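Working notes, structure below.
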2 protein chains.
Amino acid sequence: MTELNQVDNNALSARQREILKIVIEAYTEAAVPVGSNTIRHYGHLDVSTATIRNELVVLEELGYLTQPHTSAGRVPSVKGYRYFVECLMDQIELPLAEQRMIRHQFHQLQLNLDQWMRLTAAILAHNTQAASVITPPYGKLIRFRHLELISINDNLVLLVAVLQDGSIHQEMLIPAEPLVQELLSQYANRLNVLLAGKTAGDVRVTTPDEGTWEPFESTVVQCLADLMSTSEANRPTSFYTEGLENMLLEPEFTASEKFRQVILMLQQHSLLELILPRVVDANGIQIIIGNESDTTQLDDVSLVLSPYGVHGRALGMLGVIGPMRMAYGRAIGTVRYMAQLLNSLLNDVYGGESLAP
Amino acid sequence: MTELNQVDNNALSARQREILKIVIEAYTEAAVPVGSNTIRHYGHLDVSTATIRNELVVLEELGYLTQPHTSAGRVPSVKGYRYFVECLMDQIELPLAEQRMIRHQFHQLQLNLDQWMRLTAAILAHNTQAASVITPPYGKLIRFRHLELISINDNLVLLVAVLQDGSIHQEMLIPAEPLVQELLSQYANRLNVLLAGKTAGDVRVTTPDEGTWEPFESTVVQCLADLMSTSEANRPTSFYTEGLENMLLEPEFTASEKFRQVILMLQQHSLLELILPRVVDANGIQIIIGNESDTTQLDDVSLVLSPYGVHGRALGMLGVIGPMRMAYGRAIGTVRYMAQLLNSLLNDVYGGESLAP
DNA sequence: GAATAGCACTCTGTAGTTTGGACTGCTAAG
DNA sequence: CTTAGCAGTCCAAACTACAGAGTGCTATTC
């Protein structure tokens, strides 16, 4: 058995894996470097501390652990965390009672994506004691579905556009001359027929069956096309965050400079530019630990993120941001459940065939 | 001259005012208790430090200054700041060049309240190096203006409602049985005629001229009334914040616990419940310094807030949150300008007579 | 050869002490 | 009223001493 493990130089023995797991779990709890004594008592390991120390040296040489200084305990490295989440971690599913409670909270809401997102953010933050993040779902190649033109006053028209990913957009337009509601409704009808099911590009080049657009119709088409391409430009303009205050409770962030980087990153939306595409293109949960991302801004945090949405049509991202020593098991369980829940909610609502191209 | 001041025991002599002003300005800059020596050089005061010290004792006895400990310099008290903003402060108007630049940024946006609010928050935060806050404007007694019903799919109808304060609301409804768009449009027309100009309460009790509502019409009326009363419940559900990271740069917030309180307060929306009514009911800029508010959560910060909106119809709040030693002059100048700017933008758009009841 | 007991060594964090400096308040003189 | 001078207070930074936690190594046991 043991020999088998030693054939492959990079493989860890069962005992080494056990020790690595204990180090990570203990460090996650206490945020203090873990020494051989702690390890021995934590997991009822029946070997002496000297033996454990020998193994620690090996684990350190292999890069799974680091030592802040001689004569301190060990701290997991990024490589250590990575190995942990891939091979050692106990998968935690959200307890059924909790699942039921969460579903209950959702059923008390109306059919409003915004409210769903807020609740999701709140639950994620509360459940993981970390900061949470959620973007709205956005489509890749969105088709037009329906528009309305509403006269607000003589100088102002409200354009409401519904796209096939279920998103709703509103924009104010200023007509060159006052237009009565009746005329606006005519325009809307004509446009609805002509543009139905078209993509942004097609919308832009559409012309009427005969004659040309009225000036205001041109404005509307132009605005609609812009709005659709922006939506496609794979960057939701906003996202919700909750639970930032949780991070301030962690010892590694009381130093405030690291925390400041996190806040900055959230406010600059660099998360969206850098991480979102990666999460949405993957399928399943993405775990990004410390410097595995390409930004130094994220060097001191870990992310557990999942795509969600109506598959093939509109995808968003949700997840949590926490210290590298976050409770990955719990975080993953919660993120996975929330993503599934939103998936099914969205599919119930927007998933009917009638939305298909 | 001097005697005149001394007649009233509570009035400060010109020199005392000068000294108080210097203390506050120096403390605002350096965040370090201010001693008699600093005062002498800061303002080219032509008296000895001993004289200044005598005056400091008086100012302290009157409650304008405090001493962190014997043999430290003086720090302004809440009363001191209050006197400063009311009597001593140099009013700063935003430089014209800056005003122009800001207007320019706004003109590049579309007619979209959301975008205006974001830009405002960004400008406020950047300009004052503090955190900024802005709520949407909300009405007190809102009247119905227009609605549209849009069929999303067989089981889903989108209700878009425009109210007379210019706000737009959307809600998803599930009809008991599938309804075609044509029928929905009929419903919408009928409702638009019957409900035009009504308040939430009136909407709720409206019945058709003859017969009764169709079941789905009832649903719509119900939903509309709910939505309008929520809007009136004088609590915007959301607001924007920017520049939180600025606060972390201030020495008083690196201690993180105070900062945590600020974040908590923002996320719990207690700002809305506690402060918003007070700001909106007042007219003009409100300055709240430290414990002048009723929440201990705000004890360590100051707020400079202003109402904005279409007067008598829809009001919101905007402003900044910073340390008590914030640069009040600059903050007030910026807040005032942004409020005026939004006022005029909103009035241009929503202010036409056609919106009047 | 793997596991272990024992021991010397290293490093940190904390508590106690010292010292320099920045102020103040008071007093007496201008 | 103003000011120079001075003694006294308090803090913050620097230094020292020390206990505690933990390691790595070596000699020994199984």
Side-chain angles (χ1 to χ4, degrees), chain A residues 1-7 12-16 18-20 22-23 26-27 29-62 64-76 251-252 254-255, chain B residues 1-7 12-16 18-20 22-23 26-27 30-62 64-77 251-252 254-255:
Chain A
M1 293 292 249
T2 341
E3 291 88 42
L4 190 82
N5 280 328
Q6 291 182 331
V7 171
L12 300 181
S13 72
R15 192 168 64 193
Q16 285 165 345
E18 167 103 32
I19 290 177
L20 178 53
I22 293 175
V23 170
Y27 187 65
E29 267 182 38
V32 164
V34 185
S36 48
N37 242 305
T38 316
I39 295 173
R40 188 149 110 109
H41 294 93
Y42 192 99
H44 315 97
L45 216 54
D46 253 355
V47 288
S48 75
T49 58
T51 309
I52 295 176
R53 282 202 291 280
N54 289 333
E55 298 286 35
L56 287 176
V57 171
V58 177
L59 285 169
E60 188 172 353
E61 278 167 359
L62 292 175
Y64 293 103
L65 298 175
T66 58
Q67 222 174 353
H69 57 85
T70 349
S71 89
R74 297 320 203 278
V75 168
E252 45 266 80
T254 46
Chain B
M1 291 294 249
T2 341
E3 292 87 43
L4 189 83
N5 279 328
Q6 292 183 327
V7 171
L12 300 180
S13 71
R15 192 168 65 194
Q16 286 163 345
E18 166 104 33
I19 290 176
L20 178 55
I22 293 175
V23 170
Y27 187 65
V32 164
V34 186
S36 48
N37 241 304
T38 316
I39 296 173
R40 188 150 111 107
H41 293 93
Y42 192 99
H44 315 98
L45 216 53
D46 254 355
V47 287
S48 75
T49 57
T51 310
I52 294 175
R53 281 200 292 279
N54 290 332
E55 298 284 36
L56 287 175
V57 172
V58 177
L59 285 168
E60 189 172 354
E61 279 166 358
L62 291 174
Y64 294 102
L65 298 176
T66 59
Q67 221 174 354
H69 57 86
T70 348
S71 89
R74 295 328 202 274
V75 169
S77 66
E252 44 266 78
T254 47

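Note that the structure is a prediction, hence the values are computed from the model and not measured.
- At a threshold of 4.5 Å between non-hydrogen side-chain atoms, the residues Y27(A) and V32(A) do not count as touching.
- The side chain of R15(A) has dA3(C) as its nearest neighbour among dC10(D), dA3(C), dT3(D).
- Distance R40(B) CZ to dT2(D) C1': 12 Å, rounded to the nearest Å.
- Side-chain contact between I19(A) and L59(A) is present, with at least one heavy-atom pair separated by less than 4.5 Å.
- Here S48(A) does not reach the OP1 or OP2 of dA3(C): none of its side-chain N or O atoms lies under 4.0 Å away.
- Atom CD1 in I52(A) sits roughly 13 Å away from atom P in dG24(D) (whole-Å rounding).
- Per the geometry, CD1 belonging to I19(A) stands 11 Å off P belonging to dT23(D), to the nearest Å.
- Between Y42(B) and V23(B), every side-chain heavy-atom pair lies at or beyond the 4.5 Å cut-off.
- Put simply, the side chain of T49(B) does not reach to within 4.5 Å of the side chain of I39(B), judged on heavy atoms.
- In this structure, the side chains of Q16(A) and V58(A) come closer than 4.5 Å at one or more pairs of heavy atoms.
- Nucleotide dG22(D) holds its P atom 17 Å from the CG atom of L59(A), rounded to whole Å.
- Per the geometry, CG belonging to L45(A) stands 11 Å off P belonging to dA3(C), to the nearest Å.
- For H44(B), the NE2 atom counts as loosely surrounded, since its 6.0 Å shell holds 12 or fewer non-hydrogen atoms of other residues, nucleotides or ligands.
- Per the geometry, NE2 belonging to H69(A) stands 17 Å off P belonging to dG20(D), to the nearest Å.
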Discussion item. Can you build the contact string for nucleotides 18-30 of chain C? Use B for base contact, S for sugar-phosphate-only contact, and - for no protein heavy atom under 4.0 Å.
Written reply: ----BBBB-----
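- Computed from coordinates, the E55(A) CD to dA2(C) C1' distance equals 10 Å when rounded to whole Å.
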